[in-house]
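Contents: one structure, followed by commentary.
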Amino acid sequence: MRIDIDSYREILDTLTRNKSRSFLTGFGVFWGVFMLVALMGGGQGLKEMLERNFEGFAQNTAMIWAQQTTKPYKGFRKGRWWEMDYKDIERLRQRVPELDAIAPVLFGGWGRTNTAYYGDQSTQPRIQGVTPEYANIVAPKMYYGRYINDMDLSEHRKVCVLGKKIYKDLFKDGSDPCGKRIRIDSTYYEVVGVDYNASGGMNFNGRAEEKVTLPLTLVQQTFNRGNQVDLIAVTGRPGVVMSKITPRIRETIARAHYLDPTDEQGAMVFNTEVLFQMLDNLFKGVNFLIWLVGLGTLLAGAIGVSNIMMVTVRERTTEIGIRRAIGATPKMILSQIISESIVLTLVAGMSGILFGVLILQMLELGNTEDGIVNAHFQIGFWTAIFAAFMVSSMGVLAGLAPAARAMSIKPVDAMRDE
C-alpha cells in the first residue's frame, strides 16, 4: 500500500522536476481546449446574430411586389410600370389554396420625407400600413404594448406601433410611450406599442426599427392611396414547399395585370425558403470546420503530452527498474504513468474551458442592449462536460505509449542504465 501511495505522490514530483516541458505541453492542451470552446461558442453567437437579421420571418414566406416589366405581353411593351391592388389578395386566396396567411402592405410617403415629433424631439421614420395578419408572417417583438388589431383596421383608428430606433429617438428617457400621442407631419397618432424586431436582413422600404406601423386602411385614407398595394406577404400551409407554388403565385398576379407569367423580374416573388436553406448549409460547413480545427488542435496537445511522458519515462528508467525490483507490479507502473498524463491534460484542459467561458461571457455582455441579449456566445453545460471528458480520454490515450514502455523495462537492464 505504501508503494501505491508513493507512486501517486510522485505525480506532482515528476511535474515539478520537468517544469518547463510540462508547462509547454500543458499550454498546448490548454490552447487546444480553449480554441474548441471559443470556436463553438463563437460559432453559436455568430449564427444567432445572422438569424437575428431574419428574426420573426417565417421560413415558408414569399414577398411579392411590382417592378418594371422585362417582357412584352398582349400588345404591351416591356419596361411598363404597373401596380398591385387589393383585389389581388382575394385572387391569391381563391387560386392558390396552399397559402395560409396573405397580408398586404402599403408604404406611406413615397417620394417625400416624413417627420415625427414628440415634445421637442423629432425623427424621420418610414411609414407602413399593415393588417393584423402581417404579424403571422413577420412576428413582432413587442417591447411595450400591442400590435395593430382588427378594431384598429375597421375603425380607421389613428394608432401606431413604433420601431426601436424611432422609439429611442422620440422617448430618450426610455419610458413607456403607450397612450401618448406623437405627431407625424400634421397628423397626431396614439402610440399603442413598441416593436423591437430588427429584421435587418430583409428590408422593404427601410429597416424595421426605423418604421412607424399604422393600420393599412388609415394609410390608404391619409396618403390617398386608394386600393393600391405595394407589397403582399404570404406564407404556405404546413408541409407546403414555397418554391413549388411560386410560379402559380406569379401567374395569378401577372394575368390579372396583363403581364407575361414568365416575367420573373416584372412580377417579383422573393422566396425566403431559399435564403434559409443557404444559411443552414453555411452553418453546417462552419460547424464542421469548428470541430475539425478544435479537435486537431486538441490532438496536437495530446501528442505533446505523450511526448513529454515518453521523455519522463526515459529519464526515470533507473528509478522504474528499482521499483520493479523491490516489488512494484506492472499495474502500479501503468497506473502511475497514466495518472500523470491525465492530471497534466485535465488541469490544462479545465483551465482552457474556464478561460474560454470567461471570454465568451465578455462577448455576450458586449452584445446585450436594454437588458436583451442579442446573441448567446456561451456554450452549454453538457458541451463543457463533453469537452472535459474528451480531454480526460486524450490524457489516457497519451499515456498508453509511455506506460507500455515503462512496463517493458527489465529491472536488470534498468540498473545498468546511466
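Just so it is clear, the values below take in all heavy atoms, side chains as well, and ignore hydrogens, waters and symmetry mates.
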| request: Evaluate the side-chain proximity of Asp88 to His257: yes if any heavy-atom separation is below 4.5 Å, no if none is. | output: yes
| request: Verify, without hydrogens or angle tests, whether Trp82 (side chain) and Gly266 (backbone) share a donor-acceptor contact under 3.5 angstrom. | output: yes
| task | Among Leu218, Val159, Leu162, Val212, find the one that has a side chain to side chain contact (heavy atoms under 4.5 Å, CB included) with Tyr189. | result | Leu218
| query | Do Val105 and Tyr134 have side-chain heavy atoms sitting under 4.5 Å apart? | reply | yes
| task | Please say whether the positively charged group of Lys164, taken as NZ for Lys or CZ for Arg, lies over the ring of Tyr196, i.e. under 6.0 angstrom from the six-membered ring centre and within 45 degrees of the axis. | result | yes
| said: Can you confirm whether more than 12 heavy atoms, excluding those of Asp150, are under 6.0 Å from its CG atom? | reply: no
| query | Does a side-chain heavy-atom distance below 4.5 Å link Arg255 with Tyr73? | reply | yes
| field | Lys/Arg-Asp/Glu bridge criterion (N-O < 4.0 Å) met for Arg248, Glu251 | value | no
| field | Check: Arg250 side chain, Ala267 main-chain N or O, donor-acceptor pair, under 3.5 Å | value | yes
| message | Would Arg80 and Phe76 count as a cation-pi pair here, with the cationic atom under 6.0 angstrom from the ring centre and within 45° of the axis? | response | yes
| field | Which residues share a ring pair (Phe, Tyr, Trp, His ring centres under 6.0 Å) with Tyr118, sequence neighbours left out | value | Phe171
| request: Report the C-alpha separation of Glu210 and Arg207 in whole Å, then their side-chain angles, then the decisive distance to 0.1 Å, and conclude whether the salt bridge (Lys or Arg N to Asp or Glu O under 4.0 Å) test is met. | output: CA-CA 5 Å; Glu210 298 175 348; Arg207 299 165 58 190; 3.8 Å; yes
| task | Spell out, as yes or no, whether a donor-acceptor pair under 3.5 Å connects the side chain of Thr123 to the backbone of Asp169. | result | no
| Is there a donor-acceptor pair under 3.5 Å between the side chain of Arg183 and the backbone N or O of Asp185? | yes
| message | Tell me whether the rings of Phe270 and Trp65 are parallel (<30°), tilted (30 to 60°) or perpendicular (>60°). | response | tilted
| query | Is any side-chain heavy atom of Tyr144 closer than 4.5 Å to a side-chain heavy atom of Pro177? | reply | yes
| said: So, using side chain to side chain contact (heavy atoms under 4.5 Å, CB included) as the criterion, who are the partners of Thr262 when residues are at least two apart? | reply: Lys71, Asp260
| query | Given side chains that start at C-beta, do those of Thr61 and Val234 come closer than 4.5 Å, heavy atoms only? | reply | no
| query | Is it the case that more than 12 heavy atoms not belonging to Lys180 sit under 6.0 Å from its NZ atom? | reply | yes
| said: Restricting to side chain to side chain contact (heavy atoms under 4.5 Å, CB included), what partner residues turn up for Glu133, sequence neighbours left out? | reply: Arg93, Ala101, Ala103, Thr131, Asn136
| Got a donor-acceptor contact below 3.5 angstrom from the Gln121 side chain to the Leu170 backbone? | no
| task | Answer whether the closest heavy-atom distance between the side chains of Phe223 and Asn114 falls below 4.5 Å. | result | yes
| query | Is the shortest heavy-atom distance from the side chain of Ile253 to the side chain of Leu92 under 4.5 Å? | reply | yes
| message | Assess whether a salt bridge exists between Asp195 and Arg146, defined as any Lys/Arg side-chain N lying under 4.0 Å from an Asp/Glu carboxylate O. | response | no
| said: So does Ala62 get a backbone contact from the side chain of Asn271, meaning a donor-acceptor N/O pair under 3.5 Å? | reply: no
| So, do Met362 and Val357 sit near enough that their side-chain heavy atoms are less than 4.5 Å apart? | no
| request: Scan side-chain atoms only and decide if Asp263 and Thr69 contain a donor-acceptor pair under the 3.5 Å cut-off. | output: no
| request: Using atom types as modelled and distance alone, determine if a side-chain donor or acceptor of Tyr167 lies under 3.5 Å from a backbone N or O of Gly174. | output: yes
